[in-house]
Every structure is written in structure tokens, then in C-alpha cells.
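Below: the structure, in C-alpha cells.
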Amino acid sequence: MKFEKSLTKNLEHIRQTLQIDKNFDLVCRVIDMGGRKAALIFVDGFTKDEVLLKIMQAWSSIKEEDLPEDAQAFSKKYVPYGEISLIDQEEDMVVQLLTGITCLFVDGYEQCITIDCRTYPARNVDEPDKDKVMRGSRDGFVETLIFNTALIRRRIRDPKLTMEITSAGESSHTDIAICYMDGRVDQELLERVKKQIADLRVDALTMNQESLAEAIYPYKWYNPFPKFKFSERPDTAAACILEGNIVILVDNSPAAMILPSSVFDIIEEADDYYFPPITGTYLRLSRMAAAILCLLLTPTWLLLMMHPDSLPPWLQFIRLADISYVPLLVQLLILEFAIDGLRLAAVNTPNMLSTPFSVIAGIVLGEYSVKSGWFNPETMLYMAFVTIANYSQSSFELGYALKFMRVVLLLLTGWLDVWGYVIGLILSICAIVFNQTIAGKSYIYPLIPFRLSELKKRFFRERLPVKKD
């Protein structure tokens with residue numbers, strides 16, 4: 001609905017729509033401006049009071065004969081602020097107001113003047129707990145979108161860096177920023193992503209980026225490997241943008257969604273680039289080896305324990321030293337679920353109780369479960385190694401994907417013996433090989449299709465290229 005020149009009629013509609021009389025945090029301040037009535041509407045807590053006060057002081061000296069004929073001329077002459085715009089539709093004004101923008105109505109004008117003097121409750125840009133590095137910057141994304149875009153702008157001072165804003169969710173109207181380098185990005189993928197976001201028909205992005213990821217690229221439930229890379233580090237996001245990737249920032253989410261992402265992109269970490277090439281290469285290869293061991297260690301050991309007589313002499317030390325009262329497969333499956341239970345308990349444990357919880361989990365559960373005969377020491381050892389290897393991955397999604405495939409491999413090995421191990425191994429390989437990125441390319445590029453020069457870059461950290469004059 002379009003606004004009218006009558007301030008009284010406009011306010012009557014707005015009060016009914018926003019239920020200002022019921023909502024204590026919606027403020028409607030009617031003031032006198034040069035003999036005319038004007039109204040300021042804003043959300044308490046979203047507005048910079050000192051900025052609004054200075055603007056209102058500029059209106060105190062306005063005379064009736066000095067008032068312009070339309071809202072545009074008024075905004076140029078009497079609104080001394082940088083971020084202003086004009087709106088003539090009530091629906092657009094309501095969305096802007098609820099995002100924190102202050103709206104000004106003046107009697108006799110058919111447009112609303114919006115003043116973007118927003119301020120959001122925000123925490124400091126401290127180093128994220130999840131993506132810590134041994135060297136490098138110590139700042140991280142926060143829940144405020146404009147702060148996150150500024151952290152990227154600080155690192156890329158190039159006019160080709162583009163940040164387009166859009167929104168999704170019929171009720172939430174969640175702000176979404178699409179960041180890319182013009183001239184380096186895949187234009188076909190960019191247009192497809194923008195169209196998918198524009199065509200979203202959802203009530204709200206309740207879980208922020210996860211909701212957006214599931215909406216623009218529906219996952220196949222039987223393939224647990226992630227399609228997107230998430231990072232809470234602005235330096236990682238900036239590096240990915242410079243490489244031609246697309247970074248999506250969602251308001252209220254302290255992480256960037258990077259696409260397209262292959263399995264090699266997801267395995268990479270910032271530490272690979274904060275150390276010399278030889279050290280970065282070692283860290284990367286160690287992480288890849290840990291991922292393979294995380295998948296294959298316990299199923300392989302289970303298979304060998306099912307045929308202990310076929311062990312060569314140099315592997316005799318892995319045999320069980322004590323009698324197994326509970327089948328090894330059952331022990332491994334119980335520990336798989338127990339570790340997740342301990343992880344969930346650690347997340348929900350207050351900081352003051354974290355140390356006693358660690359003592360109980362590590363000593364009481366670990367030692368006495370072995371003494372009681374439930375578990376063999378070898379089972380506890382290999383599961384502990386697998387758990388540590390799982391935590392070596394920066395991506396929780398990739399860690400859980402490896403866990404799910406490991407459980408499938410354990411079940412098939414315990415059921416079908418050697419053939420089950422082979423089938424499980426083939427299923428794991430197929431889950432990776434036949435997976436695709438959001439761009440429709442191979443998930444394990446440059447292995448398939450094979451590109452030797454690109455493959456070297458994935459396994460070995462190279463020096464930063466320097467342009468010569």
C-alpha cells in the first residue's frame with residue numbers, strides 16, 4: 001500500500017500493522033517540525049541515540065516557509081546523514097524498520113525517509129574457538145553481517161570485490177551477502193546461486209547457513225560428505241574469494257559458507273599457509289593421512305582379529321592380550337556412540353565442571369570399563385586414536401562423514417567378513433568419487449578428471465606467486 005500525504009492516516013495504518021501499542025520496544029515519537037507534524041518510528045535498542053539526537057537538533061531551527069515541497073528535497077536539505085533513502089510502500093517500510101532502520105514521516109509528504117543509524121548487539125571479533133591457528137591473525141567472524149563484510153574488505157582493497165545483499169524468509173527476512181571477485185568468479189555458478197536464493201520460498205532461515213545450504217542444494221541423505229566449506233576466519237574467506245570462489249555470509253551467523261568446495265578444499269586449513277611451504281605441506285599430508293586412518297583403522301583391525309592365525313609375525317603385537325567377553329564389533333559400536341555421548345555432554349557441561357567431568361570420563365569410565373571386562377585395552381586404544389584423528393579435521397561435517405562410513409564398514413565387516421570389508425571400502429570410495437560440488441564438478445578434482453599440475457597444488461603447499469614487472 002502506498003503512503004498518503006496525511007500523516008494521521010499513515011500512522012493509523014502503521015500502528016495497526018506493527019501493533020505499536022502492544023510492543024514496548026517499538027517507539028513512535030511525534031514531533032513538531034516547522035509548524036508541521038512529523039513522526040519518528042524506530043526499534044528501541046537498534047538505534048544510535050547520539051546520532052538521532054544530532055539529527056533532531058538540526059530540525060529544531062526549521063521554519064514553515066523553509067520546508068521543501070517533497071520528501072526528496074527535504075532529505076537533501078535537512079537530514080545531515082550519509083545513509084538515507086526514500087520509500088513509498090508500507091510493506092517495504094515495515095521490513096526496513098524491523099531490521100533496525102529509523103523511519104521519518106512528515107505531514108504533507110507521500111514518502112517515508114529512512115535513516116540507517118543502526119547499531120546491533122555484538123561481541124568482539126575474537127579468535128574463533130573452532131578455527132584456531134598456531135600463527136596468523138586472531139580475529140573471527142561475529143553474528144553481525146556488516147562487521148563480517150568489513151573484515152573481508154579490510155583484507156581485499158580491490159574495487160572488483162563485490163558484495164551483493166539480498167534476503168530470504170517470508171517472516172525472518174534474513175540478510176544474505178554474496179561476496180565474490182568480479183572477473184575471477186564462475187559467472188554461470190554465480191547467477192545460478194543468486195537465482196536459487198531469489199526463488200527461495202521458506203518462512204525463515206531458522207538455522208541460518210545450514211537452512212540456506214539445504215534450501216539451495218538439497219543433500220542426498222545417503223551421502224554424508226559435505227558440499228560446502230564453512231569457516232569462521234575472515235582470512236580464509238578472503239583467500240577463497242581471491243581464488244575465484246563465492247563466499248556467502250548470513251546475518252546472525254558467525255561463519256562464511258564457501259562454494260564450490262571439493263574434498264581437498266574442505267581438508268585445507270589456514271595453518272597450511274601461515275608456515276613455510278615444507279611445514280605447510282607436512283601439515284596437509286598429515287591431515288590427509290589422519291583422515292584415511294580415521295576411516296580404516298578400526299575396521300581393518302576388526303578384520304585381522306577375525307583371522308588371528310593369518311597374522312604375520314611382525315603384526316602379532318596387535319592380538320588381544322586378554323579374553324574378550326564382549327564381541328569386538330559390539331565393543332567398537334558401543335564406543336562409537338559413547339564418544340558422541342561424551343562430546344555432547346562436554347558441550348553442555350558448564351566451564352566450572354569441565355575439569356571434574358574430564359576426570360570422570362577419562363579415569364572412571366576408561367579404567368573401570370576395562371577392569372570390568374566390558375572392553376579390551378586394545379579396543380580402547382584404537383578407538384582413542386580414531387577419535388583424535390577425527391578431531392584433526394577442521395570440518396565437523398567431514399569428521400562425521402568419515403565416522404558414518406566407518407560404522408558402515410564395521411557393520412559390513414562383522415557381517416560378511418572379508419567380502420563385507422571389500423564392499424564397505426567400495427561404498428566409501430563411491431560416496432566420494434560420485435559426489436559432486438554445487439557447481440556440478442567432480443568432488444575429488446583434480447584426481448577426476450586428472451590434472452597433474454593442479455594435483456600437486458592440492459598435496460604440496462607452494463610458494464606465493466610473485467608478479468614480475
Side-chain angles (χ1 to χ4, degrees), residues 82-83 85 116 118 122 124-128 131 133 135-167 175-198 209 212 216 228-251 253-262 264-266 268-277 280 394 437-439 441 445 453-454 457-458 461-469:
E83 299 176 73
S85 61
D116 191 355
R118 287 178 288 185
N124 295 329
V125 288
D126 297 326
E127 183 180 19
D131 293 334
V133 291
R135 291 173 58 183
S137 59
R138 304 294 178 181
D139 55 352
F141 287 130
V142 293
E143 287 77 12
T144 307
L145 180 64
I146 193 66
F147 289 3
N148 295 339
T149 57
L151 288 171
I152 296 178
R153 284 279 184 192
R154 185 182 178 187
R155 288 169 166 82
I156 305 177
R157 301 172 183 178
D158 193 317
K160 292 184 179 180
L161 174 60
T162 306
M163 296 185 177
E164 298 186 25
I165 190 73
T166 183
S167 62
D175 290 329
I176 301 171
I178 305 173
C179 313
Y180 60 92
M181 285 292 289
D182 195 16
R184 302 187 188 185
V185 70
D186 184 346
Q187 287 293 335
E188 182 180 351
L189 174 61
L190 176 63
E191 293 301 322
R192 189 168 67 188
V193 170
K194 289 162 63 174
K195 185 178 184 304
Q196 288 172 332
I197 295 176
Q209 284 176 326
L212 179 64
I216 66 176
F228 304 95
K229 179 178 180 178
F230 296 94
S231 177
E232 296 185 25
R233 301 190 57 84
D235 50 359
T236 299
C240 292
I241 291 175
L242 291 172
E243 292 174 358
N245 293 338
I246 301 171
V247 169
I248 297 179
L249 302 172
V250 181
D251 196 20
S253 176
M257 184 167 64
I258 302 167
L259 54 103
S261 298
S262 67
F264 294 106
D265 296 320
I266 296 171
E268 282 186 354
E269 279 189 5
D271 265 331
D272 297 351
Y273 297 93
Y274 278 122
F275 287 96
S394 61
T437 66
I438 190 174
K441 297 181 180 179
Y445 174 83
S453 58
E454 292 295 325
K457 295 179 183 178
R458 298 297 188 179
R461 217 280 267 169
E462 297 180 345
R463 288 182 176 272
L464 182 69
V466 180
K467 293 184 178 180
K468 297 181 179 180
D469 296 333

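Under a 3.5 Å cut-off, the side chain of Asp126 and the backbone N or O of Gly140 do not form any donor-acceptor pair. Checked by atom type and distance alone, the side chain of Asp131 pairs as donor or acceptor with a backbone atom of Glu232 at under 3.5 Å. One N or O on the side chain of Thr162 and one on the backbone of Lys160 form a donor-acceptor pair closer than 3.5 Å. Put simply, the side chain of Arg233 never gets that close to the backbone of Glu269: no donor and acceptor are under 3.5 Å apart. Of the possible donor and acceptor atoms, one in the side chain of Ser261 sits under 3.5 Å from a partner among the backbone N and O of Ile258. Under the 3.5 Å distance criterion, the side-chain polar atoms of Arg153 are matched with a main-chain donor or acceptor of Leu161. A donor-acceptor pair under 3.5 Å links the side-chain atoms of Gln209 to the main chain of Ile248, judged by distance alone.
In this structure, a donor-acceptor pair under 3.5 Å is absent between the side chains of Tyr273 and Asp235.
The two atoms that bring Ala256 and Val247 nearest to each other are CB-CG1, 3.7 Å, heavy atoms only. Heavy-atom minimum distance, Ser167 versus Asp175: CB-OD1, 4.2 Å. Counting all heavy atoms, side chain and backbone alike, Ser262 lies closest to Tyr445 at OG-O, 4.1 Å. Of all non-hydrogen atoms in Asn124 and Val142, the two that sit nearest each other are O-CG1, 3.5 Å. Nearest heavy-atom pair across Asp251 and Leu145 is OD1-N, 3.3 Å. Contact detail for Phe141 and Pro234: the closest heavy-atom pair is CZ-CA, 3.5 Å.
With sequence neighbours excluded, no residue satisfies side-chain hydrogen bond (donor to acceptor under 3.5 Å, both in side chains) with Thr166.
The 12-atom threshold is not exceeded at CD of Glu188, counting heavy atoms of other residues, nucleotides or ligands nearer than 6.0 Å. Counting heavy-atom neighbours within 6.0 Å of Phe147 CZ, excluding the residue itself, gives a total of 12 or less.
When the options Ile246, Thr236, Ile152, Val185 are evaluated for a side chain to side chain contact (heavy atoms under 4.5 Å, CB included) with Ile241, the one that passes is Ile152. Checked options Lys441, Lys457, Arg458; the residue passing with Asp265 is Arg458 (criterion: salt bridge (Lys or Arg N to Asp or Glu O under 4.0 Å)).
Remark: Met257 CE to Ile438 CD1 distance equals 7.0 Å, nearest 0.5 Å. Distance check: Ile156 CD1 to Met163 CE gives 7.0 Å after rounding to the nearest 0.5 Å. In this structure, NZ in Lys194 is found 13.5 Å from CD1 in Ile176, a value given to the nearest 0.5 Å. Here the straight-line distance linking atom CZ of Phe228 with atom CD1 of Ile216 works out to 4.5 Å at 0.5 Å rounding. Distance check, rounded to the nearest 0.5 Å: CG of Leu190 to CZ of Arg192 gives 11.0 Å.
Side-chain contact between Ile146 and Arg118 is absent, with no heavy-atom pair separated by less than 4.5 Å.
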Determine whether Thr149 and Ile165 satisfy the following criterion, side-chain contact (heavy atoms from CB on, under 4.5 Å), listing intermediate values before the conclusion. CA-CA 11 Å; Thr149 57; Ile165 190 73; over 6 Å; no
List the steps and the verdict of side-chain contact (heavy atoms from CB on, under 4.5 Å) for Leu259 and Thr437. CA-CA 8 Å; Leu259 54 103; Thr437 66; over 6 Å; no
Please step through side-chain contact (heavy atoms from CB on, under 4.5 Å) for the pair Leu242 and Asp158, ending with a clear verdict. CA-CA 10 Å; Leu242 291 172; Asp158 193 317; over 6 Å; no
Verify side-chain contact (heavy atoms from CB on, under 4.5 Å) between Glu191 and Asp186, making sure each step is shown before the conclusion. CA-CA 9 Å; Glu191 293 301 322; Asp186 184 346; over 6 Å; no
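Residue pairs satisfying the salt bridge (Lys or Arg N to Asp or Glu O under 4.0 Å) criterion with at least one member in residues 138-148, sequence neighbours excluded, are listed as follows: Arg123-Glu143, Glu127-Arg138, Asp139-Arg155.
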